[in-house]
Amino acid sequence: MLDKIKNSFDDAGKLSLFTARFFKEVFKWPFQLNEFLRQCYVIGYKSLPLVTITGFIMGLVLTIQSRPTMSKFGAESWLPSMVSLSLIREIAPVITALICAGKIASGIGAELGSMKVTSQIDAMEVSAINPYKYLVVTRVLATTIMVPILVFYADFIGILGGYIGYNVHGNASMYSYFTNVIEHLEFLDILPATIKTFFFGFFIGLIGCYKGFNASGGTASVGHAANSAVVTASLSIFIIDMLAVQITDLFFS
Amino acid sequence: MEKKSKHTWKLGMFVVIGLALFFVTLYFIGKSQNLFGSNFHLNAKFKNVSGLKVGNNVLLSGIQIGTVSRIEFITDSIVVVNMVIKTEVQKYIKTDAMASIGSDGLMGDKVVTISPGVVSHTIVSDQATIATVEAVELQDLMSGLKKSIDNAAVITKELSEFSVKINNGKGALSKVLTDEAFAERIDVTMANIETSSNELVSFSKTLNDKNSTLSKLMNDPFYANSIKNTLSGFEKSASDVNVFTAKLNNENGIVSKLLTSERLANSLDSTLINIQTGTEKLNELEEAAKHNFLLRGYFRKQEKAKAKKEKEALKKSSEK
């Protein structure tokens, strides 16, 4: 029992050190630009179809599901703004981050874990390449920047899905729908939501890398690293989300 | 390397489109809140802003022209609302424009409505303060409504009493409305009126006939002249009468004396007494004459004729 508690604190300490090392390394020359771009491509561009489908379905479903309640109040005309608000403030960031946690964190965890257990990371170190800089910094930076952009896509696609969902029963022109959406949006809806997606991206990359980097033992630990990366990343996303919403609520309302 | 560059443009496109979406959204939101473009400010002082919030819309003729940017107290009872409004509509807002706080739909947000003025032609300046119309509170509306509902209740109550009276009472109105005999009488009266009016029509026709006397009287100048003469004759005689009465009233005239003088009355009285005494004496004289032998025969004849006349009269009446 005591060991378990000690282990979890040990884990937290290691993660903190890992994070500190990231910030130390990120400002150090040289920067692995090509590897960074490749990771951006893999993380951002390759996740786009997944995010598009998820975002579209979320917008569509949210609109269709909200309609009965809204029409009970006779407030069907508020559907576009309500759906877009909930998408932009909460649903698109969290859903996209969870998708990325599933796809990217597990991928990074498995990739780095297998490199670790097959001693490729040690080999890098031997050949005078800083493995942390080459593997971790590029990936964490790539997720930090790509996840927010994926969230923008998800916002847009989700609102578009909301339009189609709205037109299942209603009838609104594209222009009036988007006017309605924009009319009820404020910077306060978009900026905190955008800022928290950077944290989501950062923690997805960081936790994936940490889990992979600290894999030890046989090939089984690769699977374990991937699994634990997804679980921890998803959990951290919800915790960050909660913190972000509370801070926003505290300062801006 | 070739493969990598292929990846790079896809990545570039992804990033550019993603960021473009973000900035376009930001731009539109900013535009809807008048953060870009040129704006000017207007102030309006309210006693009660009824839950108006920063960011609520400002409408002019129903068009959104700006937003509320600041709401603050200036004294303990007056709140000043500062509005950001597009410069392009400044020329439509004159100095006598009025601001009021309304509601955007039944459940919607509060809005500030600017109603354009009528008289002024001066355009408002930046940071100007415009007049306000106090919003009608729902509570005020309700209390007003309650008053009229109470009045309506009183009215309907009295109305119902009134109609009950009409239906059951014995007043004239009730009779008018319910009594059949009365209706018949009215019918008859109406018929009579009709007849008499018909007769009146024919009568007036006769009157209007040119040869009738009345018509001649009315229209013929000859008649008018003769009437005039008659009237002037009347006038003359009236003036004569006037002169006559004046003479009568004159104290020296006999009639006047007869009417007014006391001395004359006394002398008249004594004269009458003298005459009475005279006639008595005459009676005595006659009696004496009857007994006189010279005159006795005459008196006897007279008596006989009288008795004979009476006899004949008696005879006639018995025969009848």
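All heavy atoms count here, side chains included; hydrogens, waters and symmetry mates do not. A, B, ... follow the sequence lines: proteins, then strands. Residue 1 opens every chain.
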[X] atom [atom1], over 12 foreign heavy atoms within 6.0 Å:
X        : atom1 : answer
A:Met242 : CE    : yes
A:Lys103 : NZ    : yes
A:Lys46  : NZ    : no
A:Phe31  : CZ    : yes
B:Phe22  : CZ    : yes

To the nearest 0.5 angstrom, please state how far the CD1 atom of A:Ile159 sits from the OG1 atom of B:Thr25.
7.0 Å
CG (B:Leu11) and CD1 (A:Ile149) are apart, to the nearest 0.5 Å, by 8.0 Å
Region of [X] that comes under 4.5 Å of a non-hydrogen atom in chain B:
X        : answer
A:Leu48  : side chain
A:Ile88  : neither
A:Ile190 : side chain

Please work out which of the three classes, parallel, tilted or perpendicular, describes the rings of A:Tyr45 and B:Phe14, given edges at 30° and 60°.
perpendicular
Closest non-hydrogen contact found for A:Tyr153 with B:Ile17 is OH-CB, 2.9 Å
Using the rule side-chain contact (heavy atoms from CB on, under 4.5 Å), only one of A:Val181, A:Thr179, A:Leu185, A:Ile182 pairs with B:Phe28; which is it?
A:Ile182
Would you please test A:Glu183 and B:Ile29 for side-chain contact (heavy atoms from CB on, under 4.5 Å) and show each step?
CA-CA 7 Å; A:Glu183 192 186 354; B:Ile29 292 172; over 6 Å; no
